[in-house]
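The structure appears right after this line, and notes come after that.
All heavy atoms count here, side chains included; hydrogens, waters and symmetry mates do not. Just so it is clear: chains get the letters A, B, ... in the order the sequence lines come, proteins before strands, and each one is counted from 1.
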Number of protein chains: 2
Amino acid sequence: MPRKLAYRNLPQLFLRAREELLSHFRPIITHFGLTEQQWRILRAIAETEQLEPREICEICQILSPSLTGVLSRMEDVGLITRTRMAEDQRRVLVRMTPKSEKLVAELGPLIVEQYKIIEQAFGAELINELYTVLDKVISIERGPIPQVKLPPRKELADY
Amino acid sequence: MPRKLAYRNLPQLFLRAREELLSHFRPIITHFGLTEQQWRILRAIAETEQLEPREICEICQILSPSLTGVLSRMEDVGLITRTRMAEDQRRVLVRMTPKSEKLVAELGPLIVEQYKIIEQAFGAELINELYTVLDKVISIERGPIPQVKLPPRKELADY
DNA sequence: ATGGAATCATTAACATATTAGATAGTCAAC
DNA sequence: GTTGACTATCTAATATGTTAATGATTCCAT
């Protein structure tokens with residue numbers, strides 16, 4: 001007997017909608033030999049001259065262990081430099097290279113162009129609604145959200 | 001000279017918003033030893049008794065090569081069965097097992113409960129706005145969306 | 001000064017994402 | 001009944017996501 005949950009899968013709608021948009025940007029990014037994450041990172045650094053890894057994690061929605069690898073690869077191909085801070089030997093400074101500066105100078109405008117095309121196709125009102133609603137989800141202060149009580153069992157083998 | 005693109009990063013807002021919601025469901029799913037994708041798949045199959053891989057790809061937003069691995073692991077731990085169709089030897093039918101039936105019977109209600117909690121915390125209007133806007137992005141028919149012309153070069157080494 | 005808590009980055013182990021290509025089966029035209 | 005286009009799935013190679021644990025510093029209260 002097929003069992004249908006009483007609501008639609010909201011997180012999944014996000015995935016679809018995001019893909020609907022991103023699919024029009026991805027070709028541009030990959031054309032330049034970048035991955036989506038690498039572009040996110042370059043774009044973030046380009047706005048501030050330099051960033052620390054934990055800041056990049058926060059801004060780009062990348063977990064720390066993932067970022068370590070991404071930055072290593074980017075360093076290998078000369079897209080960024082990593083230098084430890086003198087004052088605090090735990091921290092690291094990530095900067096762009098001339099190479100990635102050039103890259104962003106070419107790629108950035110294309111992204112902007114594509115964005116305009118998308119705004120045309122989707123309609124400016126829809127895009128604005130998106131910003132509004134997403135911002136509400138993200139930045140509205142709500143107290144701690146309770147968590148349902150979980151039963152004791154944990155292992156798949158128990159079923 | 002820090003260079004700021006003229007618009008916010010929309011796909012990234014989706015990531016954040018999605019995480020804002022999913023973070024309240026993830027503990028439930030992992031508590032039962034499932035991954036997010038495994039739960040998406042079980043939930044989809046539970047609604048229709050059986051599905052073919054390409055249908056699962058479509059429904060769950062998982063690419064075919066990823067799905068192959070996920071299904072293999074799920075088969076290994078006895079969450080699903082895979083059987084080739086007699087009429088068309090290319091196609092496969094994926095079904096739940098008694099084990100996963102039990103699992104979904106326990107997990108499903110907890111997800112529904114948590115969903116209600118979240119609806120409370122975020123407000124029913126916001127949730128409804130979300131459905132409305134996301135649906136517009138996903139399911140509105142638009143013609144083919146043009147793609148910006150890309151310059152000839154392609155290799156990172158050229159920079 | 002010193003030991004323990006906290007912080008930042010990394011490593012390890014596993015699961016998934018992404019792109020390209022391979023494989024095997026189906027089907028229609030010839 | 002073969003060929004060739006097409007379809008559904010899978011492999012392979014590389015990149016990233018996820019959770020837990022480690023290593024190296026810094027900080028803070030004693």
Side-chain angles (χ1 to χ4, degrees), chain A residues 11-12 15-16 18-19 22-23 25-42 51-58 60-77 79-80 82-94 154 156, chain B residues 11-12 15-16 18-19 22-23 25-42 50-77 79-80 82-94 154 156:
Chain A
Q12 202 147 330
L15 272 190
R16 276 177 205 261
R18 174 180 143 88
E19 183 58 27
L22 199 52
S23 62
F25 291 108
R26 207 193 308 278
I28 306 175
I29 296 168
T30 62
H31 178 76
F32 286 84
L34 293 181
T35 66
E36 189 193 317
Q37 290 80 354
Q38 289 174 341
W39 166 243
R40 263 193 270 164
I41 292 170
L42 285 184
L51 282 176
E52 299 177 40
R54 67 201 159 76
E55 297 176 308
I56 299 179
C57 288
E58 174 70 14
C60 299
Q61 300 291 301
I62 298 176
L63 292 178
S64 187
S66 296
L67 186 64
T68 297
V70 179
L71 290 183
S72 293
R73 284 179 285 274
M74 292 179 77
E75 199 177 22
D76 288 345
V77 296
L79 287 173
I80 57 148
R82 283 194 284 189
T83 54
R84 287 215 170 266
M85 292 180 67
E87 324 86 272
D88 188 337
Q89 290 290 326
R90 294 169 302 182
R91 296 159 73 187
V92 167
L93 276 184
V94 181
K154 296 177 65 166
L156 265 185
Chain B
Q12 202 149 331
L15 272 190
R16 274 175 206 262
R18 174 180 144 88
E19 182 57 27
L22 198 54
S23 63
F25 291 107
R26 206 191 309 277
I28 305 175
I29 296 168
T30 62
H31 178 76
F32 285 83
L34 293 180
T35 66
E36 188 194 319
Q37 289 81 350
Q38 289 174 340
W39 166 241
R40 263 193 269 165
I41 292 170
L42 286 184
Q50 64 182 35
L51 282 176
E52 299 177 41
R54 66 199 158 79
E55 298 176 307
I56 299 179
C57 288
E58 174 69 16
I59 297 173
C60 299
Q61 301 289 300
I62 298 176
L63 293 177
S64 186
S66 296
L67 186 64
T68 298
V70 180
L71 289 183
S72 293
R73 283 180 285 272
M74 291 178 77
E75 199 177 21
D76 288 344
V77 296
L79 286 174
I80 57 147
R82 283 195 283 188
T83 56
R84 288 215 169 265
M85 291 178 66
E87 324 85 271
D88 189 337
Q89 289 291 325
R90 294 170 301 181
R91 297 159 73 188
V92 167
L93 277 184
V94 181
K154 296 178 66 167
L156 264 185

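For A/Arg82 and C/dC8, the shortest distance from a side-chain N or O to OP1 or OP2 is not below 4.0 Å. Using a 4.0 Å cut-off, no side-chain N or O of A/Arg18 falls inside it from OP1 or OP2 of C/dA17. Checking the phosphate oxygens (OP1, OP2) of C/dA17, no side-chain nitrogen or oxygen of A/Gln37 falls inside 4.0 Å. An OP1 or OP2 oxygen of D/dT16 is reached within less than 4.0 angstrom by no side-chain nitrogen or oxygen of A/Ser66.
Looking at heavy-atom distances under 4.0 Å, A/Ile62 makes contact with sugar-phosphate atoms alone, never a base. When heavy atoms are screened at a 4.0 angstrom cut-off, B/Glu55 is found touching no nucleic acid atom at all.
The base of C/dT7 sits with one of its N or O atoms less than 3.5 Å from a complementary donor or acceptor on the side chain of A/Arg90.
We find that CG of A/Leu63 is positioned 15 Å from C1' of C/dA17, with the value rounded to whole Å. Atom-to-atom, CD of A/Gln38 to C1' of C/dT18 comes out at 13 Å; the value is rounded to the nearest Å. D/dT18 atom C1' lies 15 Å from atom CG of B/Leu34, rounded to whole Å. Between A/Leu15 atom CG and D/dT16 atom C1' the separation is 15 Å, expressed in whole Å. C/dA9 atom P lies 10 Å from atom CG of A/Leu71, rounded to whole Å. Straight-line distance from the CG atom of A/Leu67 to the C1' atom of D/dT19: 17 Å, rounded to whole Å. In this structure, B/Leu51 atom CG and D/dA8 atom P are separated by 15 Å, rounded to whole Å. Regarding B/Glu87, its CD atom lies at a distance of 16 Å from the C1' atom of C/dC27, rounded to whole Å.
The CG atom of A/Leu51 sits 10.0 Å away from atom CD1 of A/Ile41, with the distance rounded to the nearest 0.5 Å. If you take CZ on B/Arg16 and CD on A/Glu58, they are separated by 6.0 Å, rounding to the nearest 0.5 Å. In this structure, A/Leu71 CG and A/Asp76 CG are separated by 11.0 Å, a value rounded to the nearest 0.5 Å.
Between A/Arg54 and A/Glu19, it is A/Arg54 whose nearest contact on DNA chain C lies nearer the 5' terminus. Nearest-nucleotide assignment on DNA chain D puts the 5′-proximal partner with A/Thr35, out of A/Thr35 and A/Gln89. Between B/Pro65 and B/Arg73, it is B/Arg73 whose nearest contact on DNA chain C lies nearer the 5' terminus. For the pair A/Val70 and B/Arg84, nearest-nucleotide mapping onto DNA chain D gives the more 5' position to B/Arg84.
Considering only the side chain of A/Pro53, C/dA9 comes nearest among C/dA9, D/dT18, C/dT10.
Judged purely by atom type and a 3.5 angstrom limit, A/Arg40 uses its side chain to pair as donor or acceptor with the backbone of A/Cys60.
Under 4.0 Å is where a charged nitrogen must lie from a carboxylate oxygen, and between A/Arg82 and A/Glu52 no such pair does.
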